[in-house]
Amino acid sequence: MIRAMSTENSLPALTADDHLILVDGSTFIFRAYHALPPLTRKPDGLPVGAVSGFCNMLWKLLQEGLTPEKGDEPTHFAVIFDHSSKTFRSDIYPEYKAQRPEPPEDLIPQFGLIRQATRAFSVHSVEQEGYEADDLIATYAVQAAEMGARVTIVSGDKDLMQLIGPKVGMIDTMKNKIFGEEEVFEKFGVGPDKVIEVQSLAGDSVDNVPGVPGIGLKTAALLINEYGDLETLLSRASEIKQNKRRENLIEFADQARVSKQLVTLKQDVPVNVPVTHLSVTDLDGPKAVGFLKAMGFTTLTKRVAETTGAEATNIEPADFQVPGWDMPDHKGRLVEHAAPAAKSTSAAGGDPADLPKGMMVPQTVAEARAEAARATVIDASAYETVTTLERLKEWIAEAYETGHVAFDTETTSLDAMQADLVGLSLCSVAGKACYVPLGHVDGEGDLLGGGGLVAGQIPMDDALAALKPMLEDPSVLKIAQNLKYDWLVMIRHGIDIGPADDTMLLSYALDAGKGGNGMDELSERWLGHKPIPFKEICGSGKSMITFDKVVIDKATAYAAEDADVTLHLWQVLKPRLASEHMATVYETLERPMVPVLGRMEKRGISVDRQMLSRLSGDFAQGMAALEDEIRELAGENFNIGSPKQLGDILFGKMGLPGGKKTKTGAWSTSASVLEDLAAEGHELPSRIVSWRQLSKLKSTYSDALPGFINPETNRVHTSYSLAATTTGRLSSSEPNLQNIPVRTEEGRKIRKAFVAEKGHKLISADYSQIELRVLAHMADIPQLKKAFEDGLDIHAMTASEMFGVPIEGMDPMVRRQAKAINFGIIYGISAFGLANQLGIGRGEASDYIKTYFERFPGIKDYMETVKKDVHANGYVTTIFGRKAHYPEVNTKNPNMRSFYERAAINAPIQGSAADILRRAMVRMEDRLSRSKLDAQMLLQVHDELIFEVPEDQVEATIPLVREVMEKACEPVLQLSVPLQVDARAADNWDEAH
DNA sequence: TCTTGCCCTTA
DNA sequence: GTAAGGGCAAGAT
């Protein structure tokens, strides 16, 4: 193949012995910027976090190549940058990567620094007008591979995966992840050679590659695997069975072809620098050291100096300019101060060797731990099955010796309130774990009632008696993943586990928003190890067996590994708590919640089964009546629960004016669309709305709830998740008791079925307008604060302030609009959303928002500050320091970007309110018991707590509950706005609310 | 039998 | 416009 090459190319071609490393510079910068903690150079505050990450990676690659073994160092090396956003792709498709946002302010000066870093390390950097870095990488990779050399692309960009092959590998140094054919297959469902075909079908919202509507990665892979490539598929599209899919493939065939051009990397860029010129040149030690010194990277400076033999102390920090970041007293020369100095001091020439140790690397310990944990191999063959009490006691002794033990239970159910203990695993020293089977039964038991206990297990009572002192001993820290589950299982056996750490909550406190906090995911993320899937042990679906039927050898491999992985995770995550200043959040808002929620779940709440059963009957009757009417109105029978069939009838057969379409192109039949039609006098849509309401109440509530009544306790025990949301809220499931109907009369009948025990009352205590109060405090809005102090109607006040109308005798519609705006503000308002909510035009909504911001300029300022923060840091924080991460907020897709910005505006508000309620909950039990009150906390619904209280204690309980809730911020924080709690008691939840 | 899309319930 | 969980239909497996 002919390649355009420089005519002066006289250097030898690459051979099979050569190894070319191509670093995807631009994406690396963004990744380093967002993934690493912000780091600024002292003393001038120059942001250098991304530079630091870049230099460390560069150094490591140059020294070691991909593996620490000698002989893998690269022979050729280049960092490839994007030159400008305008490329040949914009000509094919103008929307491609359109509206690429400005990079964060504190990243901008780092681009230049990183280019300087490549020079300082004597590394080639290549960029070329009109081409993306990806195209240059593709061209170089192909050329080098054709010469027989090995190529490694350093990037995390999925668009580069199409290049992977026998000679070309890819590694993501940030995530320590190597991409081979297997990983590509995992991601795209096809091999690297078919990645382009799949991408052109599935599209890419981030880069604005359109693809074909309704086809995602899964379907795209499926089609390509069947038809081989895009053109074949398009030419045979008429054979596709699925209507929608076939139509879309035909209609959007050209769009798919354009997409293919967009995603196909150009492998024949007429490169200005030939690949042969990319050979590694000797590192100029003093030059590199000078640069690193100027940056203030003490650790790396030392390392490079040692390796290159450069005398660090004799080398002057390098001279250079950072556009827009010149220190007035240094005139562009960046020099470090030897010691904390007064702002005006300009003692140039301070010796970096005098810098306090570790000043630039505050997280050394945490990083070292993470590194060590990643390096450890998790080896199932080392696990022990404990079959005698003597051995168990030795394991317990080891927990006492080390002072900690990772602990995990195996049971017969995911529901901790129904789970029978089958065994448990322990691990005090990483890599050394055991499983103690206690309740395994013979799998051959068949219909005659199952087999008996498998021989060779310690009697459960003996084992638990031996374990109890250790599990409750204050000198042994227990470590679990999702501790609440194990806590509940064990408390049902009379063991109150404590003190304990929860790796799930550690991860949540540190990384909320960055991904899941489940063990398998954390293990892959932090340890690079995929634990044995539960499915592999117990199967799934109908043929799933309970853990007590698992043969013990398999059980040991699975269960002991869990404890081992948990301990590893703890070793990685726990040190981060201090270095990332999240210890207080974890200790006050996370860890103490485990037993509090555990006790709430264990208590459960009483529901009236008969009442629900009657309701189901009533709802069924109502539905049947409506079904008759609907059939009559529609003129045919159809499945009313099918939005598809309904859409066909309303907008096809009956020819009603169709409103919105869903994202897959089907007619929307949402309540708002149907209500609009009903308002125009159409009968059928209004019947459908009523039918749907009854259907929802019946299926989700009156039919389903009785199934959750625990046969032993006769109560319903929800399960709260402490780590399911990005903001810090709890979530509730199986059943979800945080979405019990309340808005409609019919719905409240469900709520009435939640009742107090005989001789008791339910107390519901809820915060009034907590989120608006939190906002008033955080954004410091005088009018809002005054209104809350004076106990005014906040929505009326808002309306009065905005529209200049008196609060007295206000038109309810005006107040309603103000209320919608207030909610909109909390949700990160958009004209689009407000218009939707109020049923007004976008322009009018826009005017409202403008007026609002004029009247409350502090709110606008607050929002802008939060946006700036989230773009700069990748996270936002609540008033108690909880972090909510939005790692994708800097996406180029404008819709996604706005979405993350709104979420980031909302998170501190919603999250602070959640923190406040958590604080109240953590204190509540102790305050009640110290007042000799027997009230029991049962439920939490975001701004509300439900208690069950002996009738004669209601009067005394209410004021105490209110006080704890209203003073939940104190003493560490005094809100500048009072919190108000309304509480009342009744026999059922509806009347208490 | 499993996944996805749609719709609906809450704060 | 924020944050959740869950039921059902439809289509793929």
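Lettering of chains follows the sequences in order, A, B, ..., and the numbering in each one begins at 1.
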Answer whether the closest heavy-atom distance between the side chains of [X] and [Y] falls below 4.5 Å.
X        : Y        : answer
A:Phe853 : A:Ile825 : yes
A:Met504 : A:Tyr485 : no
A:Val755 : A:Leu762 : no
A:Trp989 : A:Val742 : no

Would you be so kind as to tabulate the donor-acceptor pairs closer than 3.5 Å made by side chains of residues 665-672 of chain A, with sequence neighbours excluded?
unit_1, atom_1, unit_2, atom_2, d
A:Ser668, OG, A:Ser670, N, 3.3
A:Ser668, OG, A:Ser670, OG, 3.4
A:Thr669, OG1, A:Arg692, NH2, 2.8
A:Ser670, OG, A:Ser672, OG, 3.4
A:Ser672, OG, A:Lys660, NZ, 3.4

Selection from C:dA3, C:dA10, C:dA4 that lies nearest to any side-chain heavy atom of A:Asn639: C:dA10

Would you mind reading off the distance between [X] atom [atom1] and [N] atom [atom2], rounded to a whole angstrom?
X        : N      : atom1 : atom2 : answer
A:Glu771 : C:dA3  : CD    : C1'   : 9 Å
A:Asp943 : C:dA3  : CG    : C1'   : 13 Å
A:Ile770 : C:dT2  : CD1   : C1'   : 16 Å
A:Ile905 : C:dA3  : CD1   : P     : 12 Å
A:Met778 : C:dT2  : CE    : C1'   : 13 Å
A:Asp648 : C:dA10 : CG    : P     : 10 Å
A:Gln837 : C:dT2  : CD    : P     : 12 Å
A:Gln910 : C:dA3  : CD    : P     : 7 Å

Crowding at CZ, A:Arg842 (>12 non-hydrogen neighbours, <6.0 Å): no

Near-strand residues of residues 821-830 of chain A, defined as heavy-atom separation under 4.0 angstrom from DNA chain C: A:Gly824, A:Tyr827, A:Ile829, A:Ser830

Heavy-atom pair of closest approach, residues A:Glu944 and A:Leu917: N-CD2, 4.1 Å

NA contact type, [X], heavy-atom cut-off 4.0 Å: base, sugar-phosphate, or nothing?
X        : answer
A:Arg692 : sugar-phosphate
A:Ile740 : sugar-phosphate
A:Ser695 : nothing
A:Ser898 : nothing
A:Ala913 : nothing
A:Arg902 : sugar-phosphate
A:Ala884 : nothing
A:Asn739 : base
A:Ser721 : nothing
A:Glu944 : nothing
A:Ala831 : nothing

Do A:Lys860 and A:Glu864 pass the salt bridge (charged side-chain N to carboxylate O under 4.0 Å, His left out) test, and can you show the C-alpha distance, the side-chain angles, and the key distance before you say yes or no? CA-CA 6 Å; A:Lys860 173 99 175 144; A:Glu864 292 304 323; 3.7 Å; yes

Quick one, A:Arg882 with A:Glu590, criterion salt bridge (charged side-chain N to carboxylate O under 4.0 Å, His left out). Give me CA distance, side-chain angles, the key distance, then yes/no. CA-CA 10 Å; A:Arg882 174 190 300 282; A:Glu590 304 293 347; 2.6 Å; yes

Look at A:Asp990 together with A:Arg751 and state whether they make a salt bridge at an N to O cut-off of under 4.0 Å. no

Can A:Lys883 be said to sit on top of A:Tyr875's aromatic six-ring, NZ or CZ under 6.0 Å from centre and within 45° of the ring axis? yes

Less than 4.0 angstrom between a side-chain N/O of A:Thr725 and OP1 or OP2 of C:dA3, yes or no? no

First contact, last contact: which nucleotides of DNA chain B are these for chain A, 5' to 3', heavy-atom distance under 4.0 Å? B:dC2 to B:dA11

